Amino acid sequence: MQNGNNQNRDWRRLSRAERVAQSDPENVGTQSRISGLVELLSNYSNPILIGAVVSLLLGIIILLFIDTLAPYALVLIGLGIVLLFGMGAISLSKVTSAFLSRSGKYGTNTLIMISAFVIIVIILNLLSIENNQRFDLTANNQFSLAPSTKELLNELDTPVKAIAFYPSDISENVDAITRFSKASDMLSEFSKRSNKFTYEIRDPDLEPDLARSYGVNAYESIVVYTDSGELTSIVQPSDVDYSELEQDLYTSMLIATSKGQKTIYFLEGHGEKSILSSSAKGYSTFKEVLNQDNYNTEILKWDPTDDNVFVPDDAALLVIPGPTIELPDSHAQTIHKFLQGKNPDDSERRESSRLIFLGEPDTPESFRALMAMWGIILQPGYILDLELGVTDNPNILRAEPMNLNQIRAEDFELLPPDQATIMVDALRSITSPESGQLGQVYMPGTTALVPVQDELRWPVPLTVTSPLSFLIDDPDRTDPIPPGEENADPMGPFFSSAYMLAVGQLGSTPLTAPPDPNQLTHVAIFGDSDFASNTFLSRGSGTNLLLNTVNYVLGDYSLISIRDRAFVYREFNLDANEYDFVRFSSWFILPGLLALAALSMWWVRR
């Protein structure tokens, strides 16, 4: 009856479902089945939603951390997305009402804000990965590569590889773990700076044949080589703290890439100190640190009875370390010609003239005359510094490196401006490298220097004494005669080392035009030779001052910034009053300020 009544009723009064039923009776059954399925899914909506979220999260985790299961991860992610959108379509009315209701709007706004924040954080992280910048706040740039190292890595024209041979079984050795960490961090830093530097870590215990094939016969060795394999350098860190690892790796890269070595000759035959001697006064340590800077060191032995002596053509630098015997006239003439850029036969030398002289209070007169002809006078006697001398041994001077920031390129008037600027900027780095101002230099038995400045000479003092210093002519006397008394000792401050840029000897014809770079003579002179000995070289900042000077004289300005990375313990030296102030101020000042703030708040609110 009902169907018949529906059929007789006006079609305009029928519902949409009734119209569809009249037009397509079979579609009614299909819709009823779909409705049943939708109702069934709606009844299990919560478990399905939980499964969709779990599938989505699990797929993302697998995709991020397990590359081999990436296809399965994508399937899980797709399944989760399909279920989420499917349940959203089935419960569209609930979803719509949830978003359009008052509480839903607040939730939607919160979700949008959280999503925007997450997206911004992700974008910032992606940008930071591509444009990362780190800041080294340590006093001596403990965790930064030197500019010259960065420059060498950027200019690599051939791939350089490194293999670090370290045993893997070091879990119980704290020192070994620390050394391994420092080595791996340094190698990682190198590889980040250049895509042509790669490294790997191998266990010499597990791969002894590989280690032997590279000539490695000791633990904790790093092999640096190129693809050609012609030159291989083995780095065995020179100190237990790995403070010179960067410098060792830098030198190895220079060797592996066939960069040319400069040869430094140490003069012998006049009582000079020997670079082969490992005794307390020997220079074997000095030789080692020069080799680490990729310099070739050789001995130039002149027999005092031989008049036909010469400086080899490949001598980039001549060092005269603490002579004790007079210099024969023929030898002096050879050194003068060398400093003039000439050979004994007056032909032009291939290398420019560079000399480092290490004197003593009792330096022979012939050597004093030699230095005086080039504008540096070694005064007789030794410096006694009542302020900077060592308390229990006043003959040992703790010289202060000069602050060279006041030097300007305009001071070198005859040099081209560009050349003068480069030289002056590097000159400042001798005593103030990137790691900071150098500390005191221990110089036992030091004489004073008087540099001469004229139109052909530009002297630059490197170290200085305190004003409370005296020049004493008797090495056995340790009590100075103050001013005002008879035979008073000259009073400081004095220069104990200096650098001299010269064009010709004293009395040479003044220049009328800027000199050619080959005409320049570079001389560095120290009033003490013992500070470079095995005993004193590592004390204070002696090593850095000496090596920085060598680098500068040779024109290797970039090497000045590469020095050891040893941690420096910095302490406050306080007297009794200063200590009491720090102690009591920490006890009372801060608590007193807090109490005063609390009292003020109480007074305002009362």
Side-chain angles (χ1 to χ4, degrees), residues 125-168 170 174-203 214 216 219-227 231-257 259 289 292-294 429 433-436 544 547-548 551 556-568:
N125 275 275
L126 292 175
L127 292 175
S128 66
I129 291 174
E130 297 297 329
N131 305 278
N132 63 83
Q133 181 66 41
R134 295 178 298 168
F135 297 94
D136 189 351
L137 303 180
T138 55
N140 60 344
N141 294 322
Q142 186 74 35
F143 305 105
S144 302
L145 293 181
S148 53
T149 305
K150 299 175 186 177
E151 181 180 354
L152 178 61
L153 289 168
N154 291 333
E155 294 179 353
L156 286 178
D157 52 5
T158 182
V160 176
K161 299 180 180 179
I163 301 179
F165 288 96
Y166 282 78
S168 56
I170 55 174
V174 178
D175 292 337
I177 293 175
T178 302
R179 293 193 298 271
F180 172 76
S181 176
K182 290 182 178 180
S184 59
D185 289 346
M186 184 64 70
L187 291 170
S188 175
E189 192 69 25
F190 273 53
S191 65
K192 290 176 182 177
R193 294 287 178 178
S194 173
N195 56 9
K196 290 190 176 182
F197 182 92
T198 57
Y199 75 97
E200 54 184 325
I201 298 174
R202 298 293 187 90
D203 189 337
Y214 285 104
V216 173
Y219 281 161
E220 302 183 3
S221 298
I222 303 174
V223 178
V224 181
Y225 63 99
T226 59
D227 286 337
L231 291 174
T232 300
S233 178
I234 299 178
V235 176
Q236 291 178 344
S238 49
D239 63 335
V240 294
D241 294 328
Y242 279 25
S243 61
E244 299 176 1
L245 181 58
E246 180 187 353
Q247 185 172 353
D248 293 337
L249 288 173
Y250 182 94
T251 303
S252 295
M253 290 175 60
L254 290 177
I255 296 173
T257 54
K259 303 292 184 182
V289 295
Q292 290 173 5
D293 268 4
N294 197 35
S429 300
E434 184 183 328
S435 57
N544 287 346
L547 287 182
N548 288 351
N551 297 150
D556 297 326
Y557 304 147
S558 60
L559 282 176
I560 296 176
S561 61
I562 305 181
R563 289 294 170 254
D564 61 77
R565 302 285 176 175
F567 284 99
V568 179

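Small disclaimer: the values here were computed from a predicted structure and weren't measured. Position 1 is the first residue of the sequence, and the numbers go up from there.
Scored by the ring-ring contact (aromatic ring centres under 6.0 Å, His included) test, Tyr199 finds no partners at all (sequence neighbours excluded). Residues passing the salt bridge (charged side-chain N to carboxylate O under 4.0 Å, His left out) test with Lys196, sequence neighbours excluded: none. Partners of Thr178 according to the side chain to side chain contact (heavy atoms under 4.5 Å, CB included) rule, which considers only residues two or more places apart in sequence or in another chain, are Val174, Lys182. Applying the side chain to side chain contact (heavy atoms under 4.5 Å, CB included) rule to Asp203 yields the partners Pro167, Ser168, Asp205, Leu206; only residues at least two apart in sequence or on another chain are considered.
We find the CZ-CG distance between Phe197 and Leu153 to be 7.0 Å, quoted to the nearest 0.5 Å. Note that OG1 of Thr198 and CZ of Phe190 are 13.0 Å apart. Values are rounded to the nearest 0.5 Å. Interatomic distance, Met253 CE to Tyr225 OH, rounded to the nearest 0.5 Å: 14.0 Å. Atom-to-atom distance recorded for Glu189:CD and Ser184:OG is 11.5 Å, nearest 0.5 angstrom. Annotation: the span from Leu187 atom CG to Ile222 atom CD1 amounts to 5.0 Å, rounded to 0.5 Å.
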